[in-house]
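Notes follow once the structure below has been shown.
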Amino acid sequence: MIYKISTNKNSNLFKIGQKLTSILEILFIFFILFLSLRQMDTGQHIIELKFEGNGIKPSKVKASEVAELIASFEGAILAVVKQQNPEVNEADVLISFEEIRDQSLSIKCLSHISKYVLPAYAVIATSFTSDQYSNLPSSSVDNLKKIAKFSKRHECEGVFIQDGERIATFNKDTEIVVKEAGTLRGDTTIYGTVLKAGGDTPRVTLKIDDDYTVSFEVKKDIVIKLAENLYKEVGVKGNAKWDKRTYQVLEFRAESVIYIEQVTIQDTFKQLGDLLSKTLHKVDDINSLKSNQGHE
């Protein structure tokens, strides 16, 4: 038995085939659009820390060194993200490890929230190209020093790469030195309203006024005290580094908490009234004493 398939354009089979082709084409277009939108929503960009030269590659490096590089790379970026966006929860800014290549030692990561990660990454790259690190938070500087030491130890060159483009380099002679010319440091007390207090890495955000908030890491005992005073005004004593030009706090090491008594405006006026009343009584007593002395 032989089955024949009609190629007649008027046949039902041919019409069904045309419809199926059209449906598949539409589905394919929607699939491409879905992938494009998904890429736009996640905002994924590839950031890379690469070491090259002197035969450097993962097989010649201790696993503990590679692990430290990955942690330092992420830590340096997240510290700048927090400096630029105090309101952001560090846990929400995901920098996921993607791969290590063996041709050279190359650590590739995906930044899932590019509006936070890429500006921070650019600040770090600019610090290397300009040899200016004073605007970076201290934890970021500490992590970058570990990365630079790796380059010195293995006598290789380091490269910061974004989406395949080399944006900054450093080598075994690179010294990360913080020049304090544009900053001041000293003991001070910061007063503000506690907006946030907590996290895996204890951190607090204080609202100084409607236009300015400051965020900094604190010890566990201090964050507990501040968490108990959420949305209340407090004072935090410590040591600060601030910008000479803007006087904004760049770093703050908290040492103790000052509790500010919360009273209503009615209580305030009552206290002022009591104080004034006591003062007037003292004046009356003095006048009375002077009057009695005059009669004598």
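Note that the structure is predicted; figures quoted are calculated from it, not measured.
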Got Val80 and Ile124 here, is their nearest side-chain heavy-atom distance under 4.5 Å?
-> yes
To the nearest 0.5 Å, how far apart are CG in Asp173 and CD in Glu155?
-> 9.5 Å
Given the rule in the side chain to side chain contact (heavy atoms under 4.5 Å, CB included) test, do Asn239 and Phe252 qualify, once you have shown the distances and angles that lead to the verdict?
-> CA-CA 6 Å; Asn239 186 271; Phe252 187 72; over 6 Å; no
Judged by atom type as modelled, is there a donor-acceptor pair below 3.5 Å linking the side chain of Asp163 to the main-chain atoms of Ile46?
-> yes
Side chain of Gln83, backbone of Asn135: donor and acceptor closer than 3.5 Å?
-> yes
If you round to the nearest 0.5 Å, how far is NZ of Lys145 from CD1 of Ile176?
-> 7.5 Å
Would a 4.5 Å heavy-atom cut-off, applied to side chains only, mark Leu118 and Gln162 as touching?
-> yes
Check: Ile56 main-chain N/O paired with Asn54 side-chain donor or acceptor under 3.5 Å | no
Taken to the nearest 0.5 Å, the spacing of Lys82 NZ from Ser140 OG works out to 14.5 Å
Measure from the side-chain N and O atoms of Asp131 to the backbone N and O of Ser127, and report whether any donor-acceptor pair falls under 3.5 Å.
-> no
Under 30°, 30 to 60°, or over 60°: which ring-plane class applies to Phe160 and Phe128, parallel, tilted or perpendicular?
-> tilted
Pair Lys219 + Glu255: basic N to acidic O under 4.0 Å = no
Are Tyr231 and Val194 co-members of a hydrophobic cluster defined by side-chain heavy atoms under 4.5 Å apart?
-> yes
What is the distance from atom NZ of Lys172 to atom OG of Ser151, rounded to the nearest 0.5 Å?
-> 8.5 Å
Side chains of Val141 and Leu144: closer than 4.5 Å at any heavy-atom pair?
-> no
CG of Asn229 to CD1 of Ile224: how many Å apart, nearest 0.5 Å?
-> 12.5 Å
Look up atom OG1 in Thr126 and atom CD1 in Ile167, then write down how far apart they are to the nearest 0.5 Å.
-> 7.5 Å
For Lys152, check side-chain hydrogen bond (donor to acceptor under 3.5 Å, both in side chains) against everything at least two apart and list the hits.
-> Glu175
Side chain to side chain contact (heavy atoms under 4.5 Å, CB included) with Val214: of Thr205, Val236, Leu206, Leu250, only one passes, and it is Leu206
Nearest atoms (heavy-atom pairs only) where Tyr191 meets Ile258 | OH-CD1, 4.1 Å
Answer yes when Glu52 and Arg166 have at least one side-chain N-carboxylate O distance shorter than 4.0 Å, and no when they do not.
-> yes
Between Tyr212 and Asp209, what is the shortest heavy-atom contact and its length?
-> N-OD1, 2.8 Å
Side chains of Phe150 and Leu69: does their closest heavy-atom pair fall under 4.5 Å?
-> yes
Heavy-atom nearest pair, Val218 first then Ala254, reads CG1-CB, 3.8 Å
Indicate yes or no: does Glu217 engage Arg253 in a salt bridge with an N to O separation below 4.0 Å.
-> no
Do the non-hydrogen side-chain atoms of Lys62 and Val66 ever get within less than 4.5 Å of each other?
-> no
Apply salt bridge (charged side-chain N to carboxylate O under 4.0 Å, His left out) to the pair Lys50 and Glu157, showing each step before the final yes or no.
-> CA-CA 8 Å; Lys50 183 178 182 180; Glu157 183 180 67; over 6 Å; no
Nearest heavy-atom neighbours spanning Lys241 and Leu136 = NZ-O, 4.4 Å
Is there a side-chain contact between Tyr121 and Phe73 (heavy atoms, below 4.5 Å)?
-> yes
Identify the two heavy atoms, one from Thr129 and one from Ala168, that lie closest to each other, and give their separation to 0.1 Å.
-> CG2-CB, 3.8 Å
Report yes or no: do Val61 and Phe170 belong to one cluster of Ile/Leu/Val/Met/Phe/Trp/Tyr joined by side chain heavy-atom distances under 4.5 Å?
-> yes
Do Ile47 and Ile161 sit in the same hydrophobic cluster, where Ile, Leu, Val, Met, Phe, Trp and Tyr count as joined when their side-chain heavy atoms come under 4.5 Å apart?
-> no
Mind listing the closest non-hydrogen atom pair of Phe51 and Cys156 along with its distance?
-> CD2-SG, 3.8 Å
Flag the pair Lys146 / Glu68 as yes when at least one side-chain heavy-atom distance between them is below 4.5 Å, and no otherwise.
-> yes
Are Ile77 and Val159 in one and the same hydrophobic cluster, where Ile, Leu, Val, Met, Phe, Trp and Tyr link if side-chain heavy atoms are under 4.5 Å apart?
-> no
